[in-house]
Every structure is written in structure tokens, then in C-alpha cells.
Amino acid sequence: MKKLDENFFRRDAVVVACELLGKTLVRFHDDGTTCRYRITATEAYLGGEDLACHASKGRTPRTEVMFHGGGKIYVYLIYGMYWMLNIVTGVEDHPQAVLICGLNEVKGSGRVGKLLKIDKSFYGEDLTGSTRIWLEDSETYTNYIYKPRVGVDYAGEWKDKLWRFETLD
DNA sequence: TGCACGATCTCG
DNA sequence: GAGATCGTGCAT
């Protein structure tokens, strides 16, 4: 299996979110076990203007990594409980990210973070060089549906963007 | 220095 | 339908 490289991530978040469906997420745990998952749901967040994207509030310590260009991991804690796993996309100074919402049978981005044992230490991790988490290529999944993103009602006109992608299985 | 709230999930 | 639980951003 071929590891996805920087060129895959340095594109528009909507394109990457869509093409990530069906790709393999590999997690190498501290205890030596390796787990592989198929990505089944993603959401795209487009920085600067998209009010649902944290980076629309500006460059802060939390959003900093989204300004560094595609291929890095952006994690943050939500509701004081769940670590959300995001993949930074696009090029420098164009903050964007793709939220991983579902893996195999696991639905819900909160449970994805729990399953993968994601925590703050993954902030800024380089997906193309990490030895504990990376993505592998596969055939591009064409059988998918798109719908509005979840939990972003506050984002005005941006809440209606059809930037959530799910495989059909 | 304090406070309200959120890209969620689980349990009644 | 409500609670768990805490970092972040914005108001004092």
C-alpha cells in the first residue's frame, strides 16, 4: 500500500474530504499493535471565511497549525471530553481542515478520537512522516453521498454547505 | 481574572 | 431530554 504524500493533502479541503472516503487510516499503538481502518465519513472546513471553521476567528495558538499547509494533524478538545481528529489541507496561509467523522462501523467524530486514542500530543503531527499514524492510498471511492455538516447551526449561511461526505456501503 | 459555550456521546 | 467536563475566546 502506498502512503499518501504531501501532494494529496495540499489541495482544496472539499476535494480532499471527498477523496479521503475509502482510504486507509493506519494507527501504530505504543504497545506494538497496528490497527487499520477505512474512512467512511468526513467534513470539510474552509478557514478564513467559513464561520464553522475555527480558523475563521483568526490565527491563535489553537488554529496555528491550520496555517502551515496540508499534511499535518489538527486536534482539539470539544465539550471538555472528546478529541476531534482533523487533517490539515491546502497550502500555507489558507487555513483548511477535514474532520474525520467515521471509520468502518464507528459513527461519530467523538468516538473516532476515542477509538484511535487521540490526545493533545497529536497536535501538529506530520501525517507523511509519523510512525504512529498515517494514511494509505486505495481506489478513490465514487459511491458516496453529501449533506450539511453536523452541529454548525451557528455558522450563518455557511451551515448549509454540503460539505459532509459519507460512503454508502 | 472570570465566564459562557462548543465540529459530542451516553444514559435514563 | 439532560448531564458530563474543560480549553478557548472574549468580555471585564
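Side chains are part of it too, since the values below use all heavy atoms of this structure and drop only hydrogens, waters and symmetry mates. Labels below follow one simple rule: chain letters A, B, ... track the order of the sequence lines, proteins then strands, and each chain is numbered from 1.
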Do A:E43 and A:Y45 get their side chains close enough for a donor-acceptor pair, meaning under 3.5 Å? yes
With a 4.0 Å cut-off on heavy atoms, is A:R62 in touch with a base, just the backbone sugar-phosphate, or nothing at all? sugar-phosphate
Using heavy atoms to find the nearest nucleotide of DNA chain C for A:Y79 and A:K120 separately, return the residue whose nucleotide is more 5′. A:Y79
Note: for A:K114 and A:V150 on DNA chain B, the residue whose nearest nucleotide lies more 5' is A:V150
For A:D31, is there an ion pair with A:K117 - N to carboxylate O distance below 4.0 angstrom? no
Whether A:E166 and A:K147 form a salt bridge (side-chain N of Lys/Arg under 4.0 Å from carboxylate O of Asp/Glu) is what I want to check. yes
Rounded P spacing from C:dA2 to B:dC5 in Å: 16 Å
Whole-Å distance, A:I73 CD1 to B:dA7 P, equals 20 Å
Full working for side chain to side chain contact (heavy atoms under 4.5 Å, CB included) between A:Y82 and A:L77: CA-CA 5 Å; A:Y82 299 101; A:L77 189 65; 5.6 Å; no
Passes side chain to side chain contact (heavy atoms under 4.5 Å, CB included), A:D137 versus A:K23? Steps please. CA-CA 6 Å; A:D137 204 1; A:K23 295 282 189 277; 3.0 Å; yes
A:D119 has an atom CG; how far is it from atom P of C:dG7, in whole Å? 13 Å
Under 4.0 angstrom, heavy atoms only, what part of the nucleic acid is A:G80 near: base, sugar-phosphate, or nothing? base
Between A:R59 and A:E64, is the closest basic N to carboxylate O distance under 4.0 Å? yes
List the atom of A:R164, the atom of A:C101, and the distance in Å for their closest heavy-atom pair. NH1-SG, 3.7 Å
In whole angstrom, give the distance that lies between atom CH2 of A:W83 and atom C1' of B:dA7. 14 Å
Hydrogens and angles aside, do A:Y74 and A:H54 bring a side-chain donor and acceptor to less than 3.5 Å of each other? yes
Candidate nucleotides C:dC10, B:dT10, C:dT5, ranked by approach to the side chain of A:K57 - the nearest: C:dC10
Expected output is a numbered-order residue list: members of residues 86-100 of chain A with a heavy atom under 4.0 Å from any atom of DNA chain B. What is it? A:N86, A:L99
Looking only at heavy atoms, which two atoms of A:L116 and A:Y37 are closest? And how far apart? CD2-CE1, 3.3 Å
Could you tell me how far apart A:Y154 (OH) and C:dG9 (P) are, to the nearest whole angstrom? 12 Å
Does B:dA7 have OP1 or OP2 under 4.0 Å away from a side-chain N or O of A:R164? no
Grab the CZ-C1' distance between A:R111 and B:dT10 for me, whole Å please. 9 Å
What is the separation between atom CZ on A:R149 and atom P on B:dG6, rounded to the nearest whole Å? 15 Å
Counting N and O atoms only, with roles assigned by atom type, does the side chain of A:T128 sit under 3.5 Å from a partner on the main chain of A:E6, one being a donor and the other an acceptor? no
Within the pair A:H54 and C:dT8, is there a side-chain N or O less than 4.0 Å away from OP1 or OP2? no
Side chain of A:L77 - closest among C:dC6, C:dG9, B:dT8: C:dC6
Once Watson-Crick and G-U wobble pairs under 3.5 Å are found, how is DNA chain C written in dot-bracket notation, 5' to 3', with | for any base paired to another strand? ||||.||||||.
Presence of donor-acceptor pair under 3.5 Å, side chain of A:Y76 and base of B:dA7: yes
Under 4.0 Å, heavy atoms only, any strand: does A:M84 hit a base, just the sugar-phosphate, or nothing? sugar-phosphate
Determine: side-chain N/O of A:T60 to OP1/OP2 of C:dG9, distance under 4.0 Å, yes or no. yes
Could you walk me through whether A:D5 and A:K3 pass side chain to side chain contact (heavy atoms under 4.5 Å, CB included), step by step? CA-CA 6 Å; A:D5 63 21; A:K3 215 167 174 175; over 6 Å; no
Length of the line joining A:L115:CG and B:dT10:P, which is rounded to integer Å: 12 Å
Nearest-angstrom distance from the residue atom NZ of A:K147 to C1' of B:dA7: 15 Å
So, is A:Y82 near the phosphate of C:dA4, with a side-chain N or O under 4.0 Å from OP1 or OP2? no
